[in-house]
Every structure is written in C-alpha cells, then in structure tokens.
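Just so you know, these numbers come straight off a predicted model, no measurement behind them. Just so it is clear: chains get the letters A, B, ... in the order the sequence lines come, proteins before strands, and each one is counted from 1.
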Amino acid sequence: WEEARSPGGVRWTQLEHRGPCFAPPYEPLPDGVRFFYDGKPMRLSVAAEEVATFYGKMLDHEHAAKEVFRNNFFRDWRKEMTAEERRVIKHLSKCDFTEIHRHFVDRAAARKALSREEKQRLKEEAEKLQQEFGYCILDGHREKIGNFKTEPPGLFRGRGDHPKMGMLKRRVRPEDVTINCGRDSKIPEPPAGHQWKEVRSDRTVTWLAAWTENVQNTLKYVMLNPSSKLKGERDWEKYEVARRLKGVVGEIRSQYQADWKSQEMKARQRAVALYFIDKLALRAGNEKEEGESADTVGCCSLRVEHVQLHPEADGRRYVVEFDFLGKDSIRYYNKVPVEKPVYRNLQLFMENKDRGEELFDRLTTASLNKHLQDLMDGLTAKVFRTYNASITLQEQLRALTRADDGIAAKLLSYNRANRAVAILCNHQRATPKTFEKSMQALRSKIEAKKQQVAEAKAELKAARAGHVPREDGRPESFLDKRQRRLEKLEEQLVRLSTQATDKEESKQVALGTSKLNYLDPRISIAWCKRFAVPVERVYNKTQREKFAWALDTAGEDFEF
DNA sequence: CGTCAAACTTAGGACCACACAA
DNA sequence: TTGTGTGGTCCTAAGTTTGACG
C-alpha cells in the first residue's frame, strides 16, 4: 500500500454521489402555541419564530441558564427579527417561551408513543434516505458515507466555557455547498429551484461536499465512513508510522534526555515538552485565538499556572503537579515524579514569569513537529500518543491474560488493558447518571445468585447422600442434573462478579475513544486468536467494519 | 519565520432502539 | 405488557497537521 500511494497526492479517480441531504424546512408553530412578550401574546415572523423555537427547546437545559449563552442567543435572535419585532422585543427576561417549550416536549412524547407500525414506517423511511444519499461510488466500489446530512440550524453549543455558546448556527442551503466529484461522473442534482455554490473535481482530497459553518467560520465536510477503503488505508498507515517509532524511540529518548542539558533554551524547552508528550501522552497543544473558543491547552501551550513544582510530595522527590483543561475542556490532573534535570529546567522556565505566561515560550507545535520530522520520517507529536497507547495495550494484555481463564475473565483482562490506555490518554466520561442505582441492582443480583449457589450445593449434597447407586452403572440423571445446575449457577455468579468489578473500575473512564482511535486493532485481533476469544466479543459490528483491514491480515503472532 | 486556511482525526455527550426484568 | 438500563449510533465540536503565502 505504501508503494501504491499515488503520485501527486491523488486519492481517487472516480467519485460519484448524490450530494448532501438537507435538513427539512422549518415548520411554523400551530396557532395554539404562543410566544409572549411582557405578558402579552405576540405573533412572530417566521424567521424570528424559528430561532425562538431553538431557544424554547432548550429552556430546561443548563445552557439556557448561562449568561453568555443567553446574551449570544438574544443578540443573534434580534438580527433575525423584523424591524417592528426588534422595536418591541428589547429584553430576553421579558420573553416567555414556555408554550413553545411545552409544544416540543409534547411532540417528543407523541413520537415516543407512536405505534409499532408507525415506528417501523419511520425506520424504513430513514433506511430509504440512507440508501439514496448515504453511499457513493469511489473507484468502482460502493462506499458508505459518514455524514451525508447537513447539520440542521440551531443554537451553537460549545464545550466548556465557550464564548460563542448560544449563537445562531444558520441553516445550510445548497447555495452554501461546494460539491466535489469525479470529472466525468454524474454531477449531483441540487434540490429543485436551487444551485450549488460550486462544483469541483479535486482528486487530492477525500471530501464529497463542504460548506462554511457561520459561528466559527470553519469548513465542514461530508466524508466517507470509517469502514471505507480510503479511511482504512489511512488508519493502517497511522499504525505503521507508530510501529516505526517503536524502532527508534529508544534513540529519541536518549536524545531528548541529552537535550535537557542543551546550551540552547529552545532545545531544552523542546526536550522537556517532548518528554511530557512521550511520558504522559499529552497532546501537542496548538495556540488558540483568545475569545474564539474555550481556554484549553495542550503540552506546548501550557502556562505557568498549570504546573506546580514540589521538591517533595507523597514521599517522592521532584514532583510536578499538572492541572489544566485539555481538549473538550476535560480536566487533566496528575502528580508525577520527574528526573532532576527536568525539574530544574521547569524551575528555570518558570523563573520571572507570571502565572498567565507560557511555560514553553520558545516552543511552538510547528517547530516541535519540524524537529520530529528530522528524527523520523512521518513523525509528529500525536504519533507518540498512538505509539504509547498501542504498546501499553500489548504489554498489559501480555501481563494480565491467563490462558486457563474463562472467556469472561479474559475479557475483564482485556478491558483492564484497555482501561490502562484510556487512563494514560485521559479519556474521561461523566459518570452515568444511573450508575449508583444500577450498581446497587447488580449487587443485589450477586447476593441472590450466591444464595442460589448455596442452595444448589446443599441440594446436590443431599441428593448424593440419599442416593443408592444403581447396579447397571448407568449415569444417574437426577444427580447429573443437580451437578449441572450447580455448575451453571456458579458460572453465572462469576460472570456477575466480573461484570460488577468491570463496571466499578470503568465508571469515569471512556474506553471507546482509545479503542477506536489509538489501539492498533491487530493487537486485539491477535490476542483474540491466541486466546480463543471470539472477535465479536471485543469489537462490535461497526468496529469490525472499521477494522476490516486488520481482520483480514492480523495473525495470532502479530506483534505491534 | 509566523499566520492562516484547509483537510483531516479525535472527542464526549445526546439520543434511540432493543434486550431484558418486573 | 410495560418500564428501564445499556450499548451502539449519531452528532458535531475540538483538536492536529500541512502547506501556501507574505
């Protein structure tokens, strides 16, 4: 494949598709649903009403309570109003959306209460849409598209403390959309009465359609599903680069350790940053424009306020305490002992700086990646995350798996190995709302099962004691039955206890992200083969489709 | 060399269908 | 039959990287 990579960055020769599927047009509210301003009912223009419904839907959402959200919404909403509406509607606090809110709550309930047949019909309609818009022809193969629908209009919801939360995200029209397709394939038909913004045939990119999203002024793309050959090849390449890093990582580590003592400040900063990226799996950390998004950082953009140095903590020397918000405003908190030269360097980097200043002021992600490129072809900061994640999975699986364990126990080992990676990469999730309740339920189930096991044991014992062996020596079916029942119950108990352990250990850890993006699937597939675990127990259908490239190639002796 | 846009990967949460228990 | 918890899917935001440009 590597050799097969086409010259000039050409990614395909044939591409044919139907274009994106647009969000349905706005349906005005029925007459009975009113908006009130200052206690008086007020009929809104269609444009203003539509935006009002976006807010009304979110009335009980925690966003709607936030000052920034409300202000942004109100500012953008006013832009959609007629001059007359704008004259009247001056304060959000005087707006009453409760009827609108109730209307959508009722509608959701009605949808839920639909009969089996109606739901089936809806499902079939969705399937039809999927068949019509959800596939493309790429180089002779029918491939699934990832996101064939344009994003519907609504209020922007950023993550964390986003300065733009509540802003109006406009409806995407065909006139906003650029189509990319093969030069001699059929050009998709725009919806009746509309035109595409542009139709082009750029074979060096993989998107089928693109438009600019108005809140952040960034491009959005329609691209292929992860199961596609195009995406699969890239995935494979990603892991091959990480495997090449395995071959030179020792050297790279020696190099950056030597650079901790470099004469050049820039080289020292780079060496310490790279050490963090390698050891702690931090992200590169690009600069972000202030006020455009939430204040989050990665390695290169760490500020003095994000690290604390402890000459000694918890009985360990040279401890660095990290506390910052990373991607998606997920908190990274870690206390790690480091080598003395790293510690000394950090002291040096922090000297005479305010808490708001950059720790690595001489370093950018561009200069770091440039350096990495010199160390190994194709090496960038994120390759370290891929490498360390995959190698950790492989090591953990080796350490944890017992060949004579049952499938359930093996799967627990797998999940534990997966979890070690997720913790390394700081992949968190909110504890499920129902966690305590369902945990309690599981515990009572275990208790009940224990009881059953005890009873079954007693019964078996009693049966044995009271039983006279038959002369003909034929197996005693009564005894057998009791025996089998006990075994089955014991098996169920093990399964439940395993489940409980797994659940408790995973409550705040998101396993999916690493599984999907960082772990070379061949490691898992080889493990399944070696320990006779059906692959379906580790990868669901979608995941198997995404990793089809690995399913075909990885043998039980695959080594990352 | 820094800046910016483009293109792509990575990310957590919402939502929904479905299995299973009551 | 109904209620409920959960895994899987969908959604789209938020990162990284590259390359053009001045």
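- Following rounding to the nearest Å, Leu219(A) (CG) and dG15(C) (C1') show an atom-to-atom distance of 16 Å.
- Between Phe322(A) and Phe276(A), the ring-plane angle classifies as perpendicular under the 30° and 60° cut-offs.
- Residues from residues 275-290 of chain A lying near DNA chain C, meaning a heavy-atom separation below 4.0 Å, are Arg283(A), Ala284(A), Gly285(A), Asn286(A), Lys288(A) in numerical order.
- Mapping Lys123(A) and Asn426(A) onto DNA chain B by nearest heavy atom places Asn426(A) closer to the 5' end of the strand.
- Comparing Lys119(A) and Thr364(A) by the nucleotide of DNA chain B that holds the closest heavy atom to each, the one mapping nearer the 5' end is Thr364(A).
- Between Glu143(A) and Lys229(A), no side-chain nitrogen of the basic residue sits less than 4.0 Å from a carboxylate oxygen of the acidic one, so the salt-bridge criterion is not met.
- In this structure, Tyr221(A) reaches the bases: a heavy-atom distance under 4.0 Å links it to at least one base atom across the strands shown.
- Residue Lys164(A) is out of contact with every strand shown, counting any heavy-atom pair closer than 4.0 Å.
- Between Ile145(A) atom CD1 and dC11(C) atom P the separation is 14 Å, expressed in whole Å.
- Between atom SG of residue Cys181(A) and atom CD of residue Glu16(A) there is a gap of 8.0 Å, rounded to the nearest 0.5 Å.
- No contact: Leu516(A) has no heavy atom under 4.0 Å from any strand.
- Here Tyr256(A) contributes atom OH and Arg270(A) contributes atom CZ; the two are 13.5 Å apart, rounded to the nearest 0.5 Å.
- The main-chain N or O of Glu292(A) is found under 3.5 Å from a side-chain atom of His162(A) such that the two form a donor-acceptor pair.
- Gly326(A) comes within contact range of the sugar-phosphate backbone alone, with a heavy-atom separation under 4.0 Å but no base atom that close.
- DNA chain B is contacted by Thr204(A), Val205(A), Thr206(A), Trp207(A) of residues 198-216 of chain A, taking any non-hydrogen atom closer than 4.0 Å.
- The pair Lys144(A)-Glu545(A) does not meet the salt-bridge criterion, since no charged nitrogen lies less than 4.0 angstrom from a carboxylate oxygen.
- One interatomic measurement links the two molecules: CZ of Arg157(A) to C1' of dA13(C), which rounds to 12 Å at whole-angstrom precision.
- Salt-bridge check for Glu305(A) with Arg303(A): passed, with a basic side-chain N closer than 4.0 Å to an acidic carboxylate O.
- Cation-pi contact between Arg544(A) and Tyr539(A): absent, since separation from the ring centre below 6.0 Å together with deviation from the ring axis within 45° is not met.
- Between the P atom of dT12(C) and the CZ atom of Phe148(A) lies a distance of 12 Å, rounded to the nearest Å.
- The aromatic rings of Phe349(A) and Phe360(A) sit perpendicular, their planes meeting at an angle over 60°, well past the 30° parallel limit.
- Closest to the side chain of His162(A), out of dA14(C), dG15(C), dT17(C), is dA14(C).
- Read 5' to 3', the first and last nucleotides of DNA chain B with an atom closer than 4.0 Å to a heavy atom of chain A are dA6(B) to dC18(B).
- Atom pair Asp377(A):CG and dT17(C):P shows a separation of 15 Å (rounding to whole Å applied).
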Report each atom pair, protein N/O against N/O of nucleotides 18-22 of chain C, whose distance is under 3.5 angstrom.
none

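- Backbone-only engagement by Lys231(A) is indicated by non-hydrogen atom pairs under 4.0 Å involving sugar-phosphate atoms exclusively.
- The side-chain hydrogen bond (donor to acceptor under 3.5 Å, both in side chains) search around Thr150(A) returns none, not counting sequence neighbours.
- Side-chain N or O atoms of Asp176(A) include one that pairs as donor or acceptor with a backbone N or O of Arg173(A) at under 3.5 Å.
- Counting only distance, with no hydrogens or angles, the side chain of Asn418(A) and the backbone of Leu393(A) share no donor-acceptor pair below 3.5 Å.
- Separating the OG1 atom in Thr431(A) from the NZ atom in Lys507(A) is a distance of 6.0 Å, to the nearest 0.5 Å.
- Using a 4.0 Å heavy-atom cutoff across all strands shown, Pro152(A) reaches sugar-phosphate atoms only and no base atom.
- As judged by a 4.0 angstrom heavy-atom cut-off over every strand, Arg111(A) is placed among residues making no nucleic acid contact.
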- Message: Strictly under 4.0 angstrom, non-hydrogen atoms only: write out the protein contact profile of nucleotides 1-10 of chain C, one letter per nucleotide from the 5' end, B, S or -.
- Response: ----SS-SS-
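- Note on Lys327(A): a base of the nucleic acid sits closer than 4.0 angstrom, heavy atoms only.
- Here the OG1 atom belonging to Thr296(A) is positioned 8.5 Å from the CG atom belonging to Asp328(A), to the nearest 0.5 angstrom.
- Between Arg121(A) and Glu125(A) a salt bridge is recorded (basic side-chain N to carboxylate O distance below 4.0 Å).
- In terms of modelled atom types and a separation under 3.5 Å, the side chain of Asp278(A) and the main chain of Leu274(A) share no donor-acceptor contact.
- One can place CG of Leu368(A) at 8 Å from P of dT17(C), the figure rounded to the nearest angstrom.
- Taking 4.0 Å as the cut-off between side-chain N and carboxylate O, Glu240(A) and Arg244(A) do not count as a salt-bridged pair.
- Thr296(A) comes within 4.0 angstrom of sugar-phosphate atoms only, judged by non-hydrogen atoms across all strands, and of no base.
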